[in-house]
Asker: 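Before I ask anything, let me first share the structure, which is written out below as C-alpha cells.
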Amino acid sequence: MKIWSSEHVFGHPWDTVIKAAMRKYPNPMNPCVVGVDVIDRSLDNQGRLHSHRLLSTEWGLPSIVKAILGTSRTLTYIKEHSVVDPVEKKMELCSTNITLTNLVSVDERLVYMPHPENPEKTVLTQEAIITVKGVSLSSYLESLMANTISSNARKVCFFDSNS
C-alpha cells in the first residue's frame with residue numbers, strides 16, 4: 001500500500017475554486033479522463049449538494065506495466081461522490097476505481113476549504129491510498145501510480161497563476 005498526500009493553496013476564493021473543480025473534466029491538461037457522466041445530483045435538507053459521477057479514464061499504461069498486471073485493458077471507470085456545503089464552505093470529494101479492482105485500488109479524497117487566514121484563497125488537501133494486489137513488483141506499481149497522481153496535481157497547481 002502506498003499513501004500519497006499533498007496540500008495546495010489556490011489564490012482564488014472558495015466559490016470560484018469550487019465552480020472550477022466541478023467542471024474540471026474533461027480538459028486538455030489531463031487527457032486521461034475521457035468522459036464524465038452525472039449519475040445523480042441532489043440537495044439534502046441542509047442545502048448541501050451531493051453529486052455522484054462516473055468518470056471514464058484512459059490510463060495509457062506502459063507495456064511493462066500491462067505485462068506485470070496481466071492485462072491490456074486501459075479504459076477504466078471511477079466512481080466519484082462529492083458534497084458541497086455552501087454554509088460551511090467545504091467541498092469533499094471521494095473517488096475510487098470500479099474497474100480492475102482485483103488488481104489495484106485507488107481511493108482518493110480531496111477537501112477544499114477557505115484559507116484560515118485569507119478568505120480570498122482556498123486550501124486543497126488531497127490524499128490517495130493506492131494498493132496493488134496479487135502481482136509481482138506491487139510496491140513499484142504503487143509508487144508509479146502515486147507519481148502519476150502527484151504529476152497531475154502539480155499540473156493543476158501550475159495553472160493556478162494567482163497562488
Side-chain angles (χ1 to χ4, degrees), residues 1-61 74-99 101 104-132 141-163:
M1 174 174 36
K2 180 83 174 176
I3 299 173
W4 174 86
S5 64
S6 76
E7 181 175 289
H8 177 72
V9 177
F10 291 96
H12 304 282
W14 181 83
D15 295 17
T16 301
V17 172
I18 297 314
K19 288 175 188 170
M22 293 299 286
R23 296 182 186 118
K24 72 180 175 180
Y25 296 126
N27 78 63
M29 297 314 300
N30 188 353
C32 296
V33 178
V34 295
V36 178
D37 294 296
V38 176
I39 305 302
D40 184 51
R41 188 164 279 159
S42 62
L43 287 173
D44 66 18
N45 59 3
Q46 297 174 342
R48 297 177 301 192
L49 176 66
H50 293 259
S51 297
H52 294 268
R53 302 191 307 176
L54 178 67
L55 282 64
S56 305
T57 65
E58 182 66 48
W59 284 6
L61 297 173
T74 58
L75 181 64
T76 59
Y77 298 97
I78 297 167
K79 65 179 178 178
E80 175 190 274
H81 177 250
S82 62
V83 179
V84 179
D85 187 332
V87 175
E88 295 292 323
K89 290 202 178 237
K90 177 180 179 182
M91 176 179 167
E92 184 171 350
L93 184 148
C94 296
S95 64
T96 189
N97 61 299
I98 57 175
T99 307
T101 55
V104 62
S105 64
V106 179
D107 297 301
E108 188 174 24
R109 180 174 178 258
L110 289 78
V111 177
Y112 298 84
M113 296 185 69
H115 192 283
E117 298 166 7
N118 184 344
E120 294 302 308
K121 294 184 178 186
T122 302
V123 178
L124 164 63
T125 56
Q126 184 175 5
E127 62 188 26
I129 300 171
I130 304 154
T131 307
V132 174
L141 292 173
E142 289 166 353
S143 293
L144 181 68
M145 293 178 76
N147 288 340
T148 300
I149 291 170
S150 181
S151 174
N152 288 339
R154 279 194 303 274
K155 288 177 190 175
V156 170
C157 300
F158 176 76
F159 286 96
D160 177 34
S161 61
N162 292 327
S163 294

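Model, not experiment: these values are computed from the prediction. Residue numbers count from 1 along this sequence. All values below were derived from every heavy atom in this structure, side-chain atoms included, with hydrogens, water molecules and symmetry-related copies excluded.
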Asker: Got a sec, which residues hit side chain to side chain donor-acceptor pair (under 3.5 Å) with Glu117, two or more places apart in sequence or on another chain?
Answerer: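 By the side chain to side chain donor-acceptor pair (under 3.5 Å) rule, Glu117 matches no residue at all.
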Asker: Identify, with sequence neighbours excluded, every residue that meets side chain to side chain donor-acceptor pair (under 3.5 Å) alongside Ser82.
Answerer: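 Here no residue qualifies.
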Asker: Decide yes or no on side chain to side chain contact (heavy atoms under 4.5 Å, CB included) for Gln46 and Val87, but give the supporting numbers first.
Answerer: CA-CA 9 Å; Gln46 297 174 342; Val87 175; over 6 Å; no
Asker: Under the 3.5 angstrom rule, does the side chain of Ser56 hit a backbone N or O of Val34 as a donor-acceptor pair?
Answerer: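 The answer is no, because no donor-acceptor pair under 3.5 Å joins these two groups.
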Asker: Do Leu124 and Leu110 have side-chain heavy atoms sitting under 4.5 Å apart?
Answerer: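 Of all side-chain heavy-atom pairs linking Leu110 with Leu124, at least one is under 4.5 Å.
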Asker: Of all the heavy-atom pairs spanning Lys90 and Met113, show the shortest one and how long it is.
Answerer: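 Closest pair (atom of Lys90, atom of Met113, distance): CG-CG, 4.0 Å.
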Asker: Rounded to the nearest 0.5 Å, what separation is found between the CD1 atom of Ile18 and the CZ atom of Arg23?
Answerer: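 Answer for the CD1-CZ pair, Ile18 versus Arg23, is 11.5 Å.
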Asker: Taking the side chain as everything from C-beta on, heavy atoms only, tell me whether Met91 gets closer than 4.5 Å to Val111.
Answerer: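 Not in contact.
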Asker: Applying side chain to side chain donor-acceptor pair (under 3.5 Å), can you list everything that pairs with Asp107, at least two apart in sequence or on another chain?
Answerer: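 Side chain to side chain donor-acceptor pair (under 3.5 Å) list for Asp107, sorted by chain: Thr96.
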Asker: Rounded to the nearest 0.5 Å, how far apart are NZ of Lys121 and CZ of Phe10?
Answerer: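 Reported to 0.5 Å precision, the distance equals 12.5 Å.
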Asker: Could you check His81 against Leu93 for side chain to side chain contact (heavy atoms under 4.5 Å, CB included), going step by step and ending with a plain yes or no?
Answerer: CA-CA 6 Å; His81 177 250; Leu93 184 148; over 6 Å; no
Asker: Do Arg41 and His52 pass the side chain to side chain contact (heavy atoms under 4.5 Å, CB included) test, and can you show the C-alpha distance, the side-chain angles, and the key distance before you say yes or no?
Answerer: CA-CA 6 Å; Arg41 188 164 279 159; His52 294 268; over 6 Å; no
Asker: Does Trp4 use its side chain to pair, donor to acceptor, with the backbone of Ile129 at less than 3.5 Å?
Answerer: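 No.
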Asker: Does anything in residues 19-42 pair up under ring pair (Phe, Tyr, Trp, His ring centres under 6.0 Å), and if so which pairs, sequence neighbours excluded?
Answerer: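 Every pair satisfying ring pair (Phe, Tyr, Trp, His ring centres under 6.0 Å) with a residue in residues 19-42: there are none.
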Asker: Go through the steps for Gln126 and Glu108 under the test side-chain hydrogen bond (donor to acceptor under 3.5 Å, both in side chains), then give the verdict.
Answerer: CA-CA 7 Å; Gln126 184 175 5; Glu108 188 174 24; 2.7 Å; yes
Asker: Only counting residues at least two apart or in another chain, list the ones meeting side chain to side chain donor-acceptor pair (under 3.5 Å) with Asp44.
Answerer: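 Asp44: side chain to side chain donor-acceptor pair (under 3.5 Å) contacts with Arg48, His50.
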Asker: Is there side-chain contact between Val9 and Thr122, with heavy atoms separated by less than 4.5 Å?
Answerer: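 With C-beta onward as the side chain, the pair stays apart.
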Asker: So does His115 get a backbone contact from the side chain of Asn118, meaning a donor-acceptor N/O pair under 3.5 Å?
Answerer: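 Looks like no, no N/O pair under 3.5 Å.
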Asker: With sequence neighbours left out, what residues match Asp15 under salt bridge (Lys or Arg N to Asp or Glu O under 4.0 Å)?
Answerer: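 Expected list: Lys89.
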Asker: Donor-acceptor pair, distance only, cut-off 3.5 Å: does the side chain of Ser95 make one with the backbone of Glu80?
Answerer: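 Side chain of Ser95 to backbone of Glu80: no pair is present.
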Asker: Can you name the nearest heavy-atom pair linking Pro86 to Gly47, along with the distance?
Answerer: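 That closest heavy-atom pairing would be CD-O, 3.5 Å.
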Asker: Can you measure from OG1 (Thr99) to CG (Leu75) and round to the nearest 0.5 angstrom?
Answerer: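 It comes to 7.0 Å.
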Asker: For a side chain to side chain contact (heavy atoms under 4.5 Å, CB included) check, start with the C-alpha distance between Ser105 and Asn97, then their side-chain angles and the critical distance, and finish with the verdict.
Answerer: CA-CA 6 Å; Ser105 64; Asn97 61 299; 4.0 Å; yes
Asker: At what distance, to the nearest 0.5 angstrom, does CD1 of Ile78 lie from CG of Leu54?
Answerer: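 Between atom CD1 of Ile78 and atom CG of Leu54 there are 9.0 Å.
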Asker: Are side-chain heavy atoms of Thr57 and Tyr77 found at a separation under 4.5 Å?
Answerer: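 Thr57 does not reach Tyr77 side chain to side chain.
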